[in-house]
2 protein chains.
Amino acid sequence: MTFDSKQQATVTLAEVAQAAGVGESTVSRVLRNHGSFSRKTRDRVMAAVEQLGYVPNRIAGTLASAGSRLVAFAIPSLSNIVFPDVLRGASGVLEANQHQAVFAVTDYDPGREEALVAAMLAWRPAAVMLAGLEHTEGTRKMLRASGCRIAEVLDLDGTPVDLAVGFSNSAAGRASAEFLLKRGYRRIGYVGHDLERDTRAGKRFSGFTETLQAAGCALVDRQINAGPSSAESGRLGLEHLLARSPDLDAVYFSNDDMAIGGYFHCLARGISIPSQLAIFGYNGLDIGRVTPQPLSTIRTPRVMSGQVAAELIVANAPPQVVDLGFELVEGATV
Amino acid sequence: MTFDSKQQATVTLAEVAQAAGVGESTVSRVLRNHGSFSRKTRDRVMAAVEQLGYVPNRIAGTLASAGSRLVAFAIPSLSNIVFPDVLRGASGVLEANQHQAVFAVTDYDPGREEALVAAMLAWRPAAVMLAGLEHTEGTRKMLRASGCRIAEVLDLDGTPVDLAVGFSNSAAGRASAEFLLKRGYRRIGYVGHDLERDTRAGKRFSGFTETLQAAGCALVDRQINAGPSSAESGRLGLEHLLARSPDLDAVYFSNDDMAIGGYFHCLARGISIPSQLAIFGYNGLDIGRVTPQPLSTIRTPRVMSGQVAAELIVANAPPQVVDLGFELVEGATV
DNA sequence: TTGAAAGCGCTAACAC
DNA sequence: GTGTTAGCGCTTTCAA
């Protein structure tokens, strides 16, 4: 069943020009506040705009003037707050600069990412923003051929196409391992989610385990759950891990969502933190600061990554890599 | 400092036509798989497309054909997971139907919403999706004049412009009060965030307090924090509330984020739940199911709201109100 | 089954 | 300071 919305007889710039008794280009100049026109003309035009309820057509404007003011986002997920955070940082800057954000969700699937990037490129965006540096060769080729700016955020371990803003995930993994070792933990386990899809979590895991190994203190056990990260997955993951390896003294989680789940498991089972078991997360979510014991974790500049990337885009800055770093939060769970 | 991205000599449909040795309209028909053409022609066109790396220009296509396939979202916030949830529900449907999502963040400000809706309308979207039914008269007027479909989600208490999908917030507030009363609580308090801006939370609050009042058991005390909802705000809010009114037996929170903060406060202070204090939230976030005691709350169909609204949009269904209801989760904190 | 041509609504020279 | 005009890259009649 379809509904025939009465097709509005849309007001065009030509009609405004006629109503104001001026030429089309004059209306265009006034509206974009570009070029010169008299105060009087301006008032006449604005009056006509007001009276007719004219809404400029950016589709036509963009076609006529080449460069668009669209910025396209291909994000892995909307469930993981990390990506809304990036969008939030970016959208503030974009809105302040008269740019418009368009987005699509790849669900961590590189093939889907490729298809969605192709679809978004058809809108001739000024830039496209992607999560991480891992993409199909097809995606990379399209991006390069598109001629628009590319911003890859949240990962620095690899070769960017154009702009890269974020931090090193493998360095974050290493820093986490070093911290646990420094605190004297030796029987360390890991609870994580699907590392194939979330390649940034995979890089952290690698950095973490390699550092342990190098210290002669290899990872004792790991529990990797299928599916996305969640508090529930973290809780179940820790339960399984401890069932197999009850003598662990610390557990590294793939992120804070997972770690919070592990934390709840300990609360429910009366496992005392950190004396019986230490817990370490990743992301520095707000909720981890409010738990009875603040979560030990690594705080990442997610909002700032989106913001800086957007600023570089609107400024049309040269290709570059911006390392925003991360911050280790000692918390009380280690 | 700006960067001169080498302006790609973008391939146009005309060039494809020339390379394939056919007319432009033929290429257009083949690409949209619309109208008739021979198998042989099709192959020639596709070969040329492939060889030239042609990416259709949807800006031009949309201008030429009227109706766009953009759907615009004006959402209050990206920090509150509620709105990413709606986007998630909608974007799945839109991507499956070759529609493209564009969004902007209003920050719960009706004036800002109006400005952003105006900006998005300039892209001539097929539809615009908004949170709730409360908008400025200017916004409503623009929306009606736009001729595109309007979907208002997450609230049903008021008069929609076109499509409305969600549930009644005041009914949710009433149901929460009835539940607490039924369980025998009589000294009930409230901890909330900025109700002026979050009008849906305001409607729940009204429904809640009116029901208490009607039962001869008026709200004992309330703590309303400035700023957005968060676990931290909830924790501090409960602390303040209990400092003033230590003899409360139940507290209703403006949402689960706030309630989780309150839950943590109780854990930290050794306040036993629910015997000393009952806690009730709103939203049914996943994290509330993983806490040692599952949070008592109302689960709302956020993802589904986005999904159903998007389905009505792509189907161009007649104006209607879809009540998806909500579910009271008994949990263990009441 | 295919091509020619007329726009879609605007911007950007370029004249005046 | 302002109007005229030629496109921007496509879709869509309308003939052929």
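Side-chain atoms are counted along with the backbone in the values below, which use heavy atoms only and exclude waters and symmetry mates. Chain identifiers are assigned alphabetically (A, B, ...) following the order of the sequence lines, protein sequences preceding nucleic acid strands; residue numbering begins at 1 within each chain.
One side chain, B/Ser38 or B/Thr41, offers a donor N or O that lies under 3.5 Å from an acceptor on the other. Judged purely by distance below 3.5 Å, without hydrogens or angles, the side chains of A/Arg88 and B/Ser79 pair a donor atom with an acceptor atom. In this structure, a donor-acceptor pair under 3.5 Å is absent between the side chains of B/Arg140 and B/His135.
Note on the helix from C/dT1-D/dA16 to C/dC16-D/dG1: angle between the axes of the first and last five pairs equals 30°, rounded to 10 degrees.
Nearest to the side chain of B/Ala64, among C/dC10, C/dT2, C/dC8, sits C/dC8.
Counting any heavy atom pair closer than 4.0 Å across all strands shown, B/Arg58 reaches no nucleic acid atom.
For residues 33-43 of chain B, proximity to DNA chain C is found at B/Ser36, B/Phe37, B/Ser38, B/Thr41, defined as any non-hydrogen atom under 4.0 angstrom from a strand atom.
The stretch residues 102-129 of chain B participates, sequence neighbours left out, in these salt bridge (Lys or Arg N to Asp or Glu O under 4.0 Å) pairs: A/Glu95-B/Arg112. For residues 48-87 of chain A, no residue pair satisfies the ring-ring contact (aromatic ring centres under 6.0 Å, His included) rule, not counting sequence neighbours.
Between B/Val22 and A/Thr62, the one whose closest nucleotide on DNA chain C sits nearer the 5' end is B/Val22.
Close approach of DNA chain D to chain A, defined as any atom under 4.0 Å from a non-hydrogen atom of the protein, starts and stops at D/dG1 to D/dG9.
The ring-ring contact (aromatic ring centres under 6.0 Å, His included) check on A/Phe167 picks up nothing, with sequence neighbours excluded.
Between A/Ser28 and C/dT11, a side-chain N or O to OP1/OP2 separation shorter than 4.0 Å is present. The shortest distance between the side-chain N/O atoms of B/Thr26 and the OP1/OP2 oxygens of C/dG3 is below 4.0 Å.
What you find for B/Leu94 and B/Ala101 is that their closest heavy atoms are CD1-CB, 4.2 Å.
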